[in-house]
Amino acid sequence: MWKKTKVADETATGQAGIKKKSKVPGVMITQIVEELPEGKTTPDFTRKPIALTIQEGKFAYFKAIVVGDPTPTVTWSRANGEIIFHPDVCQQKYNEASNEHTLEFPKVAPEDADTYKCFATNEYGRAVCTVVLNIIEVGFSKTKELQKIQSLDATEFRKILKTRNPDGTRQEKTMDDQEKVWEILLSAEKKDYERICADYGITDFRGMLKKLSEMKKEREEEIAQFISHIRTLKPVEVKDEDCATIELDMDLLDSGSKIFLYKDGIMVPLSKEDGEGKKHNLKQVGKKYVFTIKNLSKEDAGLYSVDVEGVNVFSTDFKGSRGSWCLSPAVYGQEAGYTLDRSPVLYRTTQSHTGLTAMPISIHT
């Protein structure tokens with residue numbers, strides 16, 4: 001988000017960061033170059049979004065028309081949290097015939113109520129305006145009861161995911177798909193929610209978001225008891241000797257904290273000795289932890305989870321299908337792998353939650 005800057009003369013020319021007036025009240029224009037080339041203009045609104053008060057469950061939209069040379073790019077944001085673009089939640093559209101940019105809510109819900117901003121940006125500046133969406137809740141008792149039920153569901157799911165023995169280990173039972181999908185979603189980026197839900201047959205997208213939000217808050221509190229920061233997720237690699245590695249950098253509050261590796265909910269025996277015949281290894285160098293899986297076979301496919309003292313901190317879905325291997329870190333929702341002829345596949349990732357800094361997922365041949 002652009003930072004607001006104060007200038008002594010709001011109409012001065014030849015000065016970067018200049019505030020300019022729009023003909024439309026409530027629009028703020030900022031010129032970010034000292035001088036505009038001939039014929040070029042900063043963005044502006046000829047129609048700005050209008051504040052809206054509407055009943056929940058109704059179709060709602062904001063509409064804006066912008067001008068500028070070059071043609072501005074239009075984006076939207078909200079004051080509290082991020083806008084989740086999904087056909088069931090919110091969609092951004094553009095009508096070339098009318099030159100209208102819209103932000104549409106197919107069925108508005110109480111959690112959509114917020115202050116929104118519309119940005120029009122080009123290489124010479126940006127224009128921004130603010131608009132409020134108010135939601136009138138209907139069926140108050142029914143809505144509150146539904147929220148109560150959803151809250152109980154989220155609690156039950158968390159109980160299932162974090163069921164532990166006294167020593168912090170998980171109870172010995174294979175995870176079903178319902179348990180797997182929530183562990184994957186807890187570490188996934190928002191842009192990957194729709195794909196994950198489709199993979200696991202989740203159709204109530206809004207319900208998933210509410211449940212996941214509650215689960216994430218509880219999980220963050222649990223992680224903070226044992227880890228001060230997970231600074232960097234190192235490259236996840238499938239090497240040419242059929243060896244996969246998962247590398248994490250973690251600041252443990254207690255260096256003696258127990259670390260466990262699970263595959264589909266079942267503990268994987270870890271060896272700290274890197275010798276022949278050792279299928280799974282854990283090597284620690286300072287704050288770096290490297291988990292290694294050797295001699296890959298189709299039986300190694302599954303959801304791998306790293307727990308610290310009974311708290312899940314990282315999960316990655318390791319897939320083997322039709323002669324190829326695919327590492328799909330849940331933190332990123334990205335995939336990397338290689339085919340049997342060793343043709344590499346390379347993807348780059350973006351920053352994720354809990355301070356994890358994304359690094360490339362690389363394939364070495």
Side-chain angles (χ1 to χ4, degrees), residues 1-5 22 24-30 43-66 68 72-95 100-122 125-138 143 146-147 150-151 154 185-186 188-197 204-217 219-220 333 350-355:
M1 183 178 290
W2 296 53
K3 295 182 178 179
K4 294 183 178 180
T5 57
S22 170
V24 178
V27 174
M28 184 177 70
I29 303 173
T30 304
D44 196 1
F45 286 80
T46 58
R47 173 175 177 170
K48 70 173 186 176
I50 299 173
L52 181 64
T53 299
I54 193 169
Q55 285 186 351
E56 65 173 298
K58 300 292 185 179
F59 173 78
Y61 66 92
F62 293 129
K63 184 181 297 185
I65 299 177
V66 301
T73 299
V74 173
T75 57
W76 303 79
S77 71
R78 59 183 295 177
N80 299 302
E82 299 177 18
I83 299 176
I84 296 178
F85 293 101
H86 183 276
D88 294 341
V89 181
C90 183
Q91 291 182 293
Q92 180 177 345
K93 296 183 179 180
Y94 174 63
N95 187 322
E100 293 175 337
H101 295 266
T102 56
L103 186 67
E104 301 180 357
F105 304 84
K107 292 183 178 180
V108 290
E111 59 267 23
D112 294 323
D114 206 343
T115 298
Y116 291 80
K117 285 187 177 182
C118 184
F119 297 89
T121 309
N122 66 15
R126 68 99 192 252
V128 59
C129 60
T130 302
V131 63
V132 176
L133 175 61
N134 296 306
I135 307 298
I136 301 173
E137 295 188 35
V138 296
T143 300
L146 178 60
Q147 291 176 347
Q150 290 171 333
S151 176
L185 284 168
L186 279 166
E189 287 190 25
K190 291 180 179 177
K191 64 182 181 63
D192 296 308
Y193 287 172
E194 185 174 0
R195 175 185 59 79
I196 295 168
C197 288
D204 183 3
F205 195 80
R206 276 198 180 272
M208 179 278 294
L209 292 176
K210 291 180 181 179
K211 190 180 300 180
L212 185 63
S213 176
E214 297 171 12
M215 295 170 72
K216 278 190 172 184
K217 290 178 181 178
R219 186 196 194 195
E220 289 172 359
T350 56
Q351 189 164 351
S352 182
H353 76 302
T354 64

K.L.:
Nearest 0.5 angstrom please: His101 NE2 to Thr75 OG1, how far?
P.N.:
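His101 atom NE2 to Thr75 atom OG1 measures 10.5 Å (nearest 0.5 Å).
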K.L.:
To the nearest 0.5 Å, how far apart are CD1 in Ile83 and NZ in Lys190?
P.N.:
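Output value for this atom pair is 10.5 Å.
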K.L.:
Using the ring of each side chain (for Trp, its six-membered ring), is His86 parallel, tilted or perpendicular to Phe205, with breaks at 30° and 60°?
P.N.:
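Because their plane-to-plane angle is under 30°, the rings of His86 and Phe205 count as parallel.
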K.L.:
I'd like to know if the side chain of Asn122 and the backbone of Gly125 have a donor-acceptor N/O pair within less than 3.5 Å.
P.N.:
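At least one qualifying donor-acceptor pair exists.
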K.L.:
Without swapping roles, check the side chain of Arg219 against the backbone of Leu186 for a donor-acceptor pair under 3.5 Å.
P.N.:
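Flag set: sc Arg219 to bb Leu186 pair under 3.5 Å.
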K.L.:
So which heavy atom on Asp88 is nearest to which on Arg206, and how close?
P.N.:
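Taking every non-hydrogen atom into account, O-NE, 3.6 Å.
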K.L.:
At their closest point, which heavy atom of Leu133 faces which heavy atom of Asp112, and how far apart are they?
P.N.:
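For Leu133 and Asp112, the tightest heavy-atom pair comes out as CD2-O, 3.6 Å.
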K.L.:
Mind listing the closest non-hydrogen atom pair of Val108 and Gln55 along with its distance?
P.N.:
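Smallest interatomic distance, heavy atoms only, reads CG2-O, 3.3 Å.
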K.L.:
Would you indicate whether the side-chain heavy atoms of Leu52 and Val132 approach each other to under 4.5 Å?
P.N.:
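Not in contact.
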K.L.:
Which word best sums up how the rings of Phe62 and Trp76 line up, parallel for under 30°, tilted for 30 to 60°, or perpendicular for over 60°?
P.N.:
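The rings of Phe62 and Trp76 lie parallel, inter-plane angle below 30°.
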K.L.:
Among residues at least two apart in sequence or on other chains, which ones pass side chain to side chain contact (heavy atoms under 4.5 Å, CB included) with Ser213?
P.N.:
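Scan of Ser213 (side chain to side chain contact (heavy atoms under 4.5 Å, CB included), adjacent residues dropped) gives Lys217.
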K.L.:
Dump the intermediate steps for side-chain contact (heavy atoms from CB on, under 4.5 Å) on Glu100 and Lys93, then the final yes or no.
P.N.:
CA-CA 8 Å; Glu100 293 175 337; Lys93 296 183 179 180; over 6 Å; no
K.L.:
Would you indicate whether the side-chain heavy atoms of Ile135 and Ile54 approach each other to under 4.5 Å?
P.N.:
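SC-SC contact between Ile54 and Ile135 confirmed.
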K.L.:
How would you list, by chain and number, every residue that makes a side chain to side chain contact (heavy atoms under 4.5 Å, CB included) with Lys107, sequence neighbours excluded?
P.N.:
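For Lys107 there are no side chain to side chain contact (heavy atoms under 4.5 Å, CB included) partners, ignoring immediate neighbours.
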K.L.:
Grab the two heavy atoms, one from Ala113 and one from Arg78, that are nearest each other, plus how far apart they are.
P.N.:
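Minimum heavy-atom separation between Ala113 and Arg78: O-NH2, 3.7 Å.
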K.L.:
Taking side chain to side chain donor-acceptor pair (under 3.5 Å) as the definition, give me every residue that meets it alongside Asp44, ordered by chain and number, with sequence neighbours left out.
P.N.:
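So Asp44 forms a side chain to side chain donor-acceptor pair (under 3.5 Å) with Ser22.
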K.L.:
Would you check if Glu111 and Lys210 make a side-chain contact, meaning some heavy-atom pair closer than 4.5 Å?
P.N.:
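Yes. Closest side-chain heavy atoms under 4.5 Å.
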K.L.:
Quick one: does Ser77's side chain get under 4.5 Å of Tyr116's, heavy atoms only?
P.N.:
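Side chain of Ser77 against side chain of Tyr116, heavy atoms only: no contact under 4.5 Å found.
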K.L.:
Are the side chains of Arg126 and Met28 in touch, meaning some heavy atoms are under 4.5 Å apart?
P.N.:
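Yes - at least one pair of side-chain heavy atoms lies under 4.5 Å apart.
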K.L.:
Hey, does Cys129 have a side-chain heavy atom less than 4.5 Å from the side chain of Pro49?
P.N.:
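SC-SC contact between Pro49 and Cys129 confirmed.
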K.L.:
Should Leu209 and Tyr193 count as side-chain neighbours, where that means a heavy-atom distance under 4.5 Å?
P.N.:
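With C-beta onward as the side chain, the pair touches.
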K.L.:
Judged by atom type as modelled, is there a donor-acceptor pair below 3.5 Å linking the side chain of Lys48 to the main-chain atoms of Pro25?
P.N.:
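Judged by distance alone, yes, a pair lies under 3.5 Å.
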K.L.:
Can you see which heavy atom on Leu185 is nearest to which on Lys216, and at what distance?
P.N.:
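Taking Leu185 first and Lys216 second, the nearest heavy atoms are O-CE, 4.0 Å.
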K.L.:
For the residue pair Pro87 and Glu194, what are the closest heavy atoms and their distance?
P.N.:
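Heavy atoms only, the tightest pair is CD-OE2, 3.9 Å.
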K.L.:
Show your reasoning for whether side-chain contact (heavy atoms from CB on, under 4.5 Å) applies to Val74 and Cys118.
P.N.:
CA-CA 7 Å; Val74 173; Cys118 184; 3.7 Å; yes
K.L.:
I'd like to know whether Leu103 forms a side-chain contact (heavy atoms from CB on, under 4.5 Å) with Cys90, so could you lay out the CA-CA distance, the side-chain angles of the two residues, the decisive distance to 0.1 Å, and finally the verdict.
P.N.:
CA-CA 7 Å; Leu103 186 67; Cys90 183; 3.4 Å; yes
K.L.:
Does Glu104 reach the main-chain N or O of Val89 with its side chain, forming a donor-acceptor pair under 3.5 Å?
P.N.:
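Checked: no pair found.
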K.L.:
Is the shortest heavy-atom distance from the side chain of Thr102 to the side chain of Asn95 under 4.5 Å?
P.N.:
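No - every pair of side-chain heavy atoms lies 4.5 Å or more apart.
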